[in-house]
Amino acid sequence: MSSNYKPQLIEKTIQDKWDKEERFLAKIDDREKFYCLSMFPYPSGKLHMGHVRNYTIGDVISRYKRMNDFNVFQPMGWDAFGLPAENAAIENKVNPKDWTNANIDNMKKQLKSLGLSYDWSKELRTCDPKYYKWEQLIFKKFYDAGLVYRKKSIVNWDPVDETVLANEQVIDGKGWRSGAQIEIKEIDQWFIKITEYAEELLDSLDDLDWPENVKLMQKNWIGKSNGAEIKYKIDESDEYLTTFSTRPDTIFGVSFLAISPNHPLAIDLSKKDQNILEFLEKCKDIKAAEADIAKAEKLGIDTEIKVIHPLTGEKLPLWIGNFVLLDYGTGVVMGVPGHDSRDYEFATKYELNIKQVIKTKDDDLPITENGILINSDKYDGMTSEEASNGIIKELVKLDSGAHLIQFRLRDWGISRQRYWGCPIPVVYENGVPKVIEEKDMPIKLPELDKNSPPIPLSQNKEFIGIKDGVIRESDTFDTFMDSSWYHARFTSSNNEDQIFDENTDYWLPVDLYIGGIEHAILHLLYSRFFHKALRDIGLVEGDEPFKKLLTQGMVLKDGAKMSKSKGNTVDPQSYIEKYGADTVRLYMMFTSPPEQSLEWSESSVEGASRFLKKIWNLVNGRKYKKFNKKLEFNKEEMSVRRKSHATLKKVENDYEVRFAFNTAIAAIMELINFIPDEYRNEDASDAQKYCLDEAIMFTLKMLSPISPHICEHLWNDFYLDESSIDKWWPKFDENLLEVEEFELIIQVNGKVRGKINIDKNIEQKEIESSALNVENVKSHIGSSKIKKAIYIKEKLINFVI
RNA sequence: GGGGAUGUGGUGGAACUGGUAGACACGCUUGGCUUAGAACCAAGUGCCGCAAGGCGUGGGGGUUCGACUCCCUCCAUCCCUACCA
């Protein structure tokens, strides 16, 4: 049989077969369970390469686990609320729901064409009231547990469009659509007390089987720090300002205090002082994102108010500084220019006093490390640590401070002033907020007319107005809320009566979670928090949602993250159509290891396709031959068998332990290259045929998680067995891996000068003399004396001369 | 500004525990097949050099018999930075 490899013909047929057999439907059974979850996509319209990479990784592992007799659950759904739907709606005059649903339909088709082994019966979308009904209930439960509160916080305000803008919608300080200079505005918003779980979120990181870099990022983000709260009395007033510092040992170096432009005192002062008012107005021009505030030129204004140093009694100036964040700590910082680089920069600019109070080997200010105290009264000569303890004690005695553990983590603001999100289930009776009852949930997002662009809920009079004195909340949830618990809802997504059920207890936690490294902090931290809070409410079991985490690197193009907003996406669809899903999957897995970022290049897709053609031509029409007699293998045949078994061993390790699919594929390619051509001939010996059949059998099995269609198609004709290819995984024979000989590397002064094959059982003395007999080695040693010979067992020998 | 990563041939990458740098591919060169091309097959391919040999894993320094791997330092690029998801 010599028909050519035509993926378009076989892939659809195989996929239909999977559907018909309900091959990937997950049910509770006696086997060990494996819940494999890939981060669900935002339905932007088309699949991009990042999705293909992410979902292929998850599918390879799911299929491998299934072959190894695990009960695998791999669902897929849609993170369907969000900003892009509103933008598209305005641009194209469609309503966000229709736009989103159309995108989902298209992307689902694309996912199906990739042959991903999902249990589609559990599909969910976050914009569906059947989903967000339960999210509203969770909000209520959190509220009842005291985890929800309201406070003022700042947003980017577009004064022309009169809307709140996301950080990415502010470009160079201007609204992206209106072009107006944005301003910082303070509004009332809903918050969730994630900080109540800060300590646990930090501590339980240790037990997670997650990449160290992600754990470190979360640890730094939570940012537990040990320091002191220090009170400064405002001169000619009974009021105090409280600061937090991790370096109480530098207190004698304080030369000013600075408060945030959003601090109540600053706002108070601006009402009386025109200069301060103008300064605060200027501060409103910087967008609310942390990176922008940190990178902005440091500006300040002297309030003319003095504060009193609690230990020296010295009167210090009080400034307003644009680099002080109200949300972090107390919104007041003590300026120690000698020992903090940001304070140093500020003090230099405004000619404030700079005083050295810590001495180290290095004398250039600012010195930010710990050292020995100077210019610090009775603390002179102490180490930073001793002095900190002493100073805190003294402050406590004076009622001017206390030891304090502080977290960098802030409470989670969940209010968004948009249309396309989950409505927050609250009504206001005469301005007093009240969470609505479960029986009245879901509060549904109001429908829009066809072709109607979204209007924020706050402008939807029908939705807001209930009766006199009673109005509905018009904010929607942050979409991170939607994605913080979907992993749990997947297990019970068809249950309309209960949020979770016995399936939830069976499947949770997620055994392997796979997604982009860009989610290392926010999404993963919010999900961890949700899981713990849901646990404390009694809705889920266990302390953590994701047992193991695999973070895939970004797919880059032209050195930047592929994203719709940058317009540098590559559409996988054309590749799937031209080469087939198996080639695209193979290419994505072969081209780089999952954790590394991948710079997109056109070039080697052809190579992946070529390899599958090679497999096709090798296997198509061939039947696995069973022998009743015992076969004898010569040396060459043994080496082929050894290669087959060694490859199987390596591939297992690459799939299971290292997630290194690229090297697994390379090993399979090596195996195919290794088999002598004549083994394929009609007149090859039985032993040769057996060796080739064994290699093919292993290859189809090993490759099937990556390129499942071609492997299953070939398998059904090749291997005369009732079972489908995903029923079992072959076993390698450890005895076949043993070798008699090894290649010895001979070095002179660490440089390779020769290689010889040597029997494993030979003594070191003999190895040395054989090595010294090699011509090239002799000539490099010449008449020099050998100072020593370093022998690494079964690897190399190095002569030092 | 802070936090986290990455840097190896013309390209993607390999080297898993300090022990042969460049596996496996892409590309390119030459040859075969072909009227021609595509496809396929074979050989070659880190750089310099006729060769012997030397050099070589972002730059500089260090530890070691031996460093892509460990340490110090500098540079470049990417991601996150709480309202993109």
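Just so we're clear, the structure is a prediction, and the values are computed from it rather than from any experiment. The figures here come from the full heavy-atom set of this structure, side chains too, leaving out hydrogens, waters and symmetry mates. All chains are named by letter (A, B, ...) in the order of the sequence lines, taking the proteins before the strands, and each is independently numbered beginning at 1.
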**Student:** For B:rU81, does either OP1 or OP2 sit under 4.0 Å from a side-chain N or O belonging to A:Asn220?
**Tutor:** no
**Student:** Using a cut-off of 4.0 Å on non-hydrogen atoms, how would the nucleic acid contact of A:Asp654 be classed: base, sugar-phosphate, or nothing?
**Tutor:** nothing
**Student:** If you pin A:Asn673 and A:Leu83 to their nearest nucleotides in RNA chain B, which one's is more 5'?
**Tutor:**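 Mapping each residue to its closest nucleotide by heavy atoms, the 5'-most match is A:Asn673.
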**Student:** Run the side-chain donor-acceptor check on residues 76-83 of chain A: report pairs under 3.5 Å with partners two or more places apart or on a different chain.
**Tutor:**
{"residue": "A:Trp78", "atom": "NE1", "partner": "A:Glu123", "partner atom": "OE2", "Å": "2.8"}

**Student:** It should be established whether A:Arg610 places a side-chain nitrogen or oxygen under 4.0 Å from OP1 or OP2 of nucleotide B:rC24.
**Tutor:** no
**Student:** Calculate the interatomic distance between A:Lys643 atom NZ and B:rA23 atom C1'; express it in whole Å.
**Tutor:**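 About 9 Å, once rounded to whole Å.
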**Student:** Strictly by salt bridge (charged side-chain N to carboxylate O under 4.0 Å, His left out), give each pair with a member in residues 660-676 of chain A just once, sequence neighbours left out.
**Tutor:**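 Matches after skipping sequence neighbours: A:Lys643-A:Glu670.
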**Student:** Take A:Glu290 and A:Arg408 through the salt bridge (charged side-chain N to carboxylate O under 4.0 Å, His left out) test and state the conclusion after the steps.
**Tutor:** CA-CA 13 Å; A:Glu290 195 206 57; A:Arg408 203 189 78 99; 3.4 Å; yes
**Student:** Using a heavy-atom cut-off of under 4.0 Å over every strand shown, decide if A:Phe590 touches base, sugar-phosphate, or nothing.
**Tutor:** base
**Student:** Can you check whether A:Gln596 has a side-chain N or O nearer than 4.0 Å to OP1 or OP2 of B:rA14?
**Tutor:**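 Checking A:Gln596 against B:rA14: at least one side-chain N or O falls below 4.0 Å of OP1 or OP2.
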**Student:** So A:Arg408, base contact, sugar-phosphate only, or nothing? Heavy-atom distance under 4.0 Å.
**Tutor:** base
**Student:** Taking any heavy-atom pair under 4.0 Å as a contact, classify A:His523: base, sugar-phosphate, or nothing.
**Tutor:** nothing
**Student:** Checking all strands, does A:Val657 fall into the base, sugar-phosphate, or nothing category for heavy-atom contacts under 4.0 angstrom?
**Tutor:** nothing
**Student:** Let me know which of A:Tyr131, A:Tyr132, A:Phe529 forms a ring-ring contact (aromatic ring centres under 6.0 Å, His included) with A:Trp485.
**Tutor:** A:Tyr131
**Student:** Is A:Arg342 salt-bridged to A:Glu345, cutoff N-O under 4.0 Å?
**Tutor:**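 Between A:Glu345 and A:Arg342 there is no salt bridge, as every charged N stays at least 4.0 Å from the carboxylate O atoms.
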**Student:** Establish, with yes or no, whether the OP1 or OP2 oxygen of B:rC84 is under 4.0 angstrom from a side-chain nitrogen or oxygen of A:Arg416.
**Tutor:** no
**Student:** Within less than 4.0 Å of OP1 or OP2 of B:rA85, is there a side-chain N or O belonging to A:Thr479?
**Tutor:**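 For A:Thr479, the contact criterion (side-chain N or O under 4.0 Å from OP1 or OP2 of B:rA85) is met.
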**Student:** Under 4.0 Å between any heavy atoms, over every strand shown, what does A:Trp221 touch: base, sugar-phosphate, or nothing? Just pick one.
**Tutor:**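 It contacts base atoms.
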**Student:** Show me, pair by pair, the donor-acceptor contacts under 3.5 angstrom made by side chains of residues 785-793 of chain A, not counting sequence neighbours?
**Tutor:**
{"residue": "A:Tyr791", "atom": "OH", "partner": "A:Glu794", "partner atom": "N", "Å": "3.3"}

**Student:** To the nearest Å, how far apart are A:Ile745 CD1 and B:rG19 P?
**Tutor:** 13 Å
**Student:** Report which part of the nucleic acid A:Val164 touches: base, sugar-phosphate, or nothing (heavy-atom distance under 4.0 Å, all strands).
**Tutor:** base
**Student:** Using a heavy-atom cut-off of under 4.0 Å over every strand shown, decide if A:Ile665 touches base, sugar-phosphate, or nothing.
**Tutor:**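 No contact at all - A:Ile665 keeps every heavy atom at 4.0 Å or more from the nucleic acid.
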**Student:** At 4.0 Å (heavy atoms only), tell me whether A:Ala291 reaches a base, stays on the sugar-phosphate, or touches nothing.
**Tutor:** base
**Student:** Can you measure A:Ile517 atom CD1 to B:rC80 atom C1' for me and round it to whole angstrom units?
**Tutor:** 9 Å
**Student:** Is A:Lys751 near enough to B:rG56 that one of its side-chain N or O atoms lies under 4.0 angstrom from OP1 or OP2?
**Tutor:**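 It does not, given that no N or O in the side chain of A:Lys751 lies less than 4.0 Å from OP1 or OP2 of B:rG56.
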**Student:** Map A:Lys755 and A:Asn662 onto RNA chain B by nearest heavy atom, then report which one ends up closer to the 5' terminus.
**Tutor:** A:Asn662
**Student:** If you measure from the Lys or Arg side-chain nitrogens to the Asp or Glu carboxylate oxygens, is any gap between A:Lys193 and A:Asp411 under 4.0 Å?
**Tutor:**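 Salt bridge between A:Lys193 and A:Asp411, a charged N being under 4.0 Å from a carboxylate O: no.
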**Student:** Go through B:rC84, B:rA23, B:rC83 for me and flag the one nearest to the A:Glu168 side chain.
**Tutor:** B:rC84
**Student:** Could you tell me whether A:Leu796 contacts a base, only the sugar-phosphate backbone, or nothing, with contacts defined as non-hydrogen atoms closer than 4.0 Å?
**Tutor:** base
**Student:** To the nearest Å, how far apart are A:Glu670 CD and B:rA15 C1'?
**Tutor:**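 These atoms are roughly 12 Å apart.
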**Student:** Is A:Glu652 salt-bridged to A:Lys649, cutoff N-O under 4.0 Å?
**Tutor:** no
**Student:** Quick check on B:rG9: syn or anti? Syn means the glycosidic torsion is within 90 degrees of zero.
**Tutor:** syn
**Student:** Output the rounded distance in Å from CG (A:Leu524) to P (B:rG4).
**Tutor:** 17 Å
**Student:** Without decimals, in angstroms, what is the distance between A:Leu598 CG and B:rC79 P?
**Tutor:**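 My rounded result for the distance is 14 Å.
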**Student:** Listing time: all N or O pairs from protein to nucleotides 72-75 of chain B that are below 3.5 Å?
**Tutor:**
none

**Student:** So which nucleotide from B:rA82, B:rG12, B:rG4 ends up closest to the side chain of A:Leu522?
**Tutor:** B:rA82
**Student:** For a quick check of understanding: with a heavy-atom distance under 4.0 Å over all strands, which category does A:Phe480 fall into, base, sugar-phosphate or nothing?
**Tutor:**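 If one applies the 4.0 Å heavy-atom cut-off, A:Phe480 turns out to touch a base.
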**Student:** What pairs of nitrogen or oxygen atoms, one from the protein and one from nucleotides 62-71 of chain B, lie under 3.5 Å apart?
**Tutor:**
{"residue": "B:rC65", "atom": "O2", "partner": "A:Asn798", "partner atom": "ND2", "Å": "2.6"}

**Student:** Using the side chain to side chain contact (heavy atoms under 4.5 Å, CB included) rule, take A:Ser38 and A:Gln552 through it: C-alpha gap first, then chi angles, then the decisive distance, then the call.
**Tutor:** CA-CA 11 Å; A:Ser38 294; A:Gln552 65 154 355; over 6 Å; no
**Student:** Could you tell me how far B:rG56 sits from B:rA5 if I compare only their P atoms? Round to whole Å.
**Tutor:** 29 Å
**Student:** Taking any heavy-atom pair under 4.0 Å as a contact, classify A:Lys298: base, sugar-phosphate, or nothing.
**Tutor:**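 Answer is nothing: A:Lys298 stays at 4.0 Å or more from every strand.
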**Student:** Let's test your reading of the pairing rules: Watson-Crick or G-U wobble, both distances under 3.5 Å, then write RNA chain B as a dot-bracket string with ( ), [ ], | and dots.
**Tutor:** (((((((..(((......[....)))((((((.......))))))(((....)))..(((((..]....))))))))))))....
**Student:** Hey, does the side chain of A:Ser415 reach the backbone of A:Trp190 with a donor-acceptor pair shorter than 3.5 angstrom?
**Tutor:** yes
**Student:** Would you classify A:Lys795 as touching base, sugar-phosphate or nothing, given that sugar-phosphate means primed atoms plus P, OP1 and OP2, and contacts are heavy atoms under 4.0 Å?
**Tutor:** sugar-phosphate
**Student:** Is the NZ or CZ atom of A:Lys151 positioned over A:Phe191's six-membered ring, under 6.0 angstrom from the centre and within 45° of the axis?
**Tutor:** yes
**Student:** Separation of A:Arg410 atom CZ from B:rC80 atom C1', in whole Å?
**Tutor:**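 After rounding, the gap between these two atoms is 14 Å.
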**Student:** Heavy atoms under 4.0 Å, any strand shown: does A:Glu297 hit a base, just sugar-phosphate, or nothing?
**Tutor:** nothing
**Student:** Taking atom C1' of B:rA14 as reference, at what distance in whole Å does atom CZ of A:Phe661 sit?
**Tutor:**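 Distance, rounded to whole Å: 17 Å.
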